[in-house]
Protein chains: 2
Amino acid sequence: MSSEESMCSICNVRESSGFSYGVLCCGACKMFFRRALFVKNIDTCRQKGECIKKCRYCRFQKCIQAGMSYTPTENLLELKNNDSLSAFIFNLAHQDELRKYQLMNCRYDGDPTVAEIAEHNTPLNFTKKPDDFPMNLGEWIFITGLTSLNYLKKFNHVNMLNASDRHFLLKYSFFDMSIFTDSMRACEKGEGVITFPDGTEVIRAEVPGLEQKFLNGIRCRLAARVNELKVTKEEFLLLSAVFFCNPGLPGISESGRGILSTYQKIYTSALLQYCLLTYQQTGPTRFTDLLSVLQVVTKTRQDISYLFILNSIRGPPSALKKIFIFR
Amino acid sequence: MSSEESMCSICNVRESSGFSYGVLCCGACKMFFRRALFVKNIDTCRQKGECIKKCRYCRFQKCIQAGMSYTPTENLLELKNNDSLSAFIFNLAHQDELRKYQLMNCRYDGDPTVAEIAEHNTPLNFTKKPDDFPMNLGEWIFITGLTSLNYLKKFNHVNMLNASDRHFLLKYSFFDMSIFTDSMRACEKGEGVITFPDGTEVIRAEVPGLEQKFLNGIRCRLAARVNELKVTKEEFLLLSAVFFCNPGLPGISESGRGILSTYQKIYTSALLQYCLLTYQQTGPTRFTDLLSVLQVVTKTRQDISYLFILNSIRGPPSALKKIFIFR
DNA sequence: AAACGAGGTCACTAGGTCAC
DNA sequence: GTGACCTAGTGACCTCGTTT
């Protein structure tokens, strides 16, 4: 046990005082992160670099990358706790920005299982992708899955679970998260069809024996719904918390279910409060509309799953990445 | 605790408001120092004397002597922060002028250890040297070491460290600083051989059993390199910050290493920015050339160290000053 | 009762402003 | 140019509720 172990993983200058917001760090960096969330006084930094102590933006980025995560505890339906809600959203927004950045610019060395990813509670180690790195359908699916896993891993409710429960939660959630982010991206691009950032189709154009209508449902159904509702970024962020904190997934222990349902209540009330504040009297309707998106996510995942089974029966055995082995 | 304690150590007229730029002083003297650095409107004073309040030069000198020290915090690579860089250089230039003055005109009573010097964070107390004060090799080495220590002590990074880390940093740095200043002096005099200000040779002419070539290496190698590169005063100042903020020295705690590496990054980027501004497209080359000087400093120190060990084995036990006891 | 982590408080200092 | 005053960011320290 070197003294290295007890240094703050953000500033690496002071001794760590323990875990704060899920990360081993010092009291100063803890307070810095808290204040940044509540005051939101983080200007972007020109040269993205190692400028701890010099640049507040880079220090905050280090917090985000290290997985620092804030969850409101107070009753969010009380108006005076509005700050907690916006701090929570600010936190998620930066986690999501990091996810997008990693999706676009990074690769991952190796082929881990979800169990391995769930084991350690450190963020995944992405590396910068060379400009000429060849992307194909498989690579896009893989990096989308890994960045989704990395995003989900940072939620406080995930870190509260034991390794087994965490494993099951991630295993049965991350693919839905991938689908959901794909659809949000399509929506932001103003497109009705899901594609990867470079235009690659998410599924091959034709699969023998399946109607085109079925395939188009996979490509378009969720994106269409998201588009129709004009789901905002903030709503997406809060929904990602609500959806992927599901106490009903198989394999999760009784105590795990308790934790998840506690957190899901928090996230749900955050979303409700956001809707009420933003849409006034139509807030409750908006709230239920948003929740209904989960049905479409699920339906889409089931369709993809069916497509996948068909492919694996008739096609040649493909070199499937381990995170996509669900049984 | 007399009220004396809380008086401004610069003007001694107002109450001190706390520590500013590393020195206990009042708000007025703090602002004076800051403005002086940024506006650089300090004309020299005719009668060097006690004219605080009357003469801006003497007031500024008091700031420098008291150890007031400014370190840029902003990102120096942004052009708009050019003022910070030049303020930093202006500050260092005056600290260095003081060092030279003390080297030429002062003596130090006593024989402190580096640990003792590191303990208090006040400047060393030099006294004016009588005109007829007899200087010899030992005296020159001693005063060179002490003025180097006094110069290094004022850096902000030194004052950030705890007493133990400060001790180790000074102990393993000040002699290199001495060598470096010796070489700069030779270069300024247009000489290729290091000597003390009155012409005294830095090492005795002959040492039995050692080749003349080896001794000449000590006398000339670093001066030759400095001469070859035509290292300017500003470059010397910035290099002195980069070199003597070494996080890798033995004995320094983990947190101390963190502090030093943070500051070294600041100093390094200051030097790089200076090179880019001054040399345009050849700036990066100049930057690496300058950094390479450190190798020569180190090599020279090692040679001297070897020479010293030889002398101490065979010669009579000399009355070595305590700052030169490195183990 | 001891350890832990969230959150609050306060003294401190760099830097800015403005009347003189 | 000066200095009293103000502001914002910081980090050491404290409190309190929870967990073991």
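Per chain, numbering begins at 1; letters A, B, ... match sequence-line order. Quick caveat, the model's predicted, so the values are computed rather than measured. Computed over heavy atoms, backbone and side chain alike; hydrogens, waters and symmetry mates excluded.
Regarding contacts with the backbone of dG1(D), every side-chain N or O of Arg59(B) stays at 4.0 angstrom or more from both OP1 and OP2. Contact annotation: Arg35(B) does not reach the phosphate of dG3(D) (side-chain N/O to OP1 or OP2, under 4.0 Å). Between Thr73(A) and the phosphate of dG7(C), there is a side-chain N or O to OP1/OP2 separation shorter than 4.0 Å. Applying the 4.0 Å criterion to OP1 and OP2 of dA14(C), one finds that Ser20(B) has a side-chain N or O inside that range. Distances shown here put every side-chain N or O of Tyr70(A) at or beyond 4.0 Å from the OP1 or OP2 atom of dA6(C).
Spacing between atom CZ of Phe32(B) and atom C1' of dG15(C) amounts to 18 Å, rounded to whole angstrom units. Rounded to an integer number of Å, the gap from OH of Tyr57(A) to P of dG9(D) is 18 Å. In this structure, CD1 of Ile42(B) is placed 13 Å from C1' of dT2(D), rounded to the nearest angstrom. Atom-to-atom, CG of Asn156(B) to P of dA14(C) comes out at 8 Å; the value is rounded to the nearest Å. One can place CE of Met160(B) at 9 Å from P of dA12(D), the figure rounded to the nearest angstrom. Rounded to whole Å, the distance from CZ on Arg14(B) to P on dC5(D) is 13 Å. The CD1 atom of Ile259(A) sits 16 Å away from the P atom of dT18(D) (whole-angstrom rounding). Whole-Å rounding puts the Asp83(B) CG to dA14(C) P distance at 18 Å.
Residue Met31(A) places its side chain closer to dG8(C) than to any other of dA4(D), dG15(C), dG8(C). Across dA4(D), dT10(D), dG1(D), the shortest atom-to-atom separation from the side chain of Asn41(B) is found for dG1(D). Closest to the side chain of Arg56(A), out of dG9(D), dG11(D), dG1(D), is dG9(D).
In terms of polar N and O atoms assigned as donor or acceptor, the side chain of Lys30(B) never comes within less than 3.5 Å of the base of dG3(D) in a complementary pairing. Looking at Arg34(A), its side chain has no donor and acceptor atom pair within 3.5 Å of the base of dG8(C).
Among the atoms of the strands shown, none is found under 4.0 Å from any heavy atom of Phe38(B). Looking at heavy-atom distances under 4.0 Å, Gly27(A) makes no contact with the nucleic acid at all.
With hydrogens and angles left out, the side-chain atoms of Thr147(A) and Tyr101(A) include no donor and acceptor closer than 3.5 Å.
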Next item on the list: Assess whether ring-ring contact (aromatic ring centres under 6.0 Å, His included) is satisfied between Phe90(A) and Phe60(A), documenting all intermediate values.
Entry: CA-CA 12 Å; Phe90(A) 190 75; Phe60(A) 185 67; 5.8 Å; yes

Check: Given Arg14(A) and Glu254(B), is the salt bridge (charged side-chain N to carboxylate O under 4.0 Å, His left out) satisfied, shown in steps?
Finding: CA-CA 9 Å; Arg14(A) 285 167 290 271; Glu254(B) 199 55 44; over 6 Å; no

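Taking every heavy atom of both residues into account, Gln264(A) and Asn246(A) meet most closely at NE2-CA, 4.1 Å. Smallest separation of non-hydrogen atoms from Phe155(A) and Ser69(A): CA-OG, 4.2 Å.
Using Watson-Crick or G-U wobble geometry with both donor-acceptor distances under 3.5 Å, dC20(C) finds its partner in dG1(D).
Of the options Tyr21(A), Phe38(A), Tyr267(A), a ring pair (Phe, Tyr, Trp, His ring centres under 6.0 Å) to Phe88(A) is made by Tyr267(A) and by none of the others.
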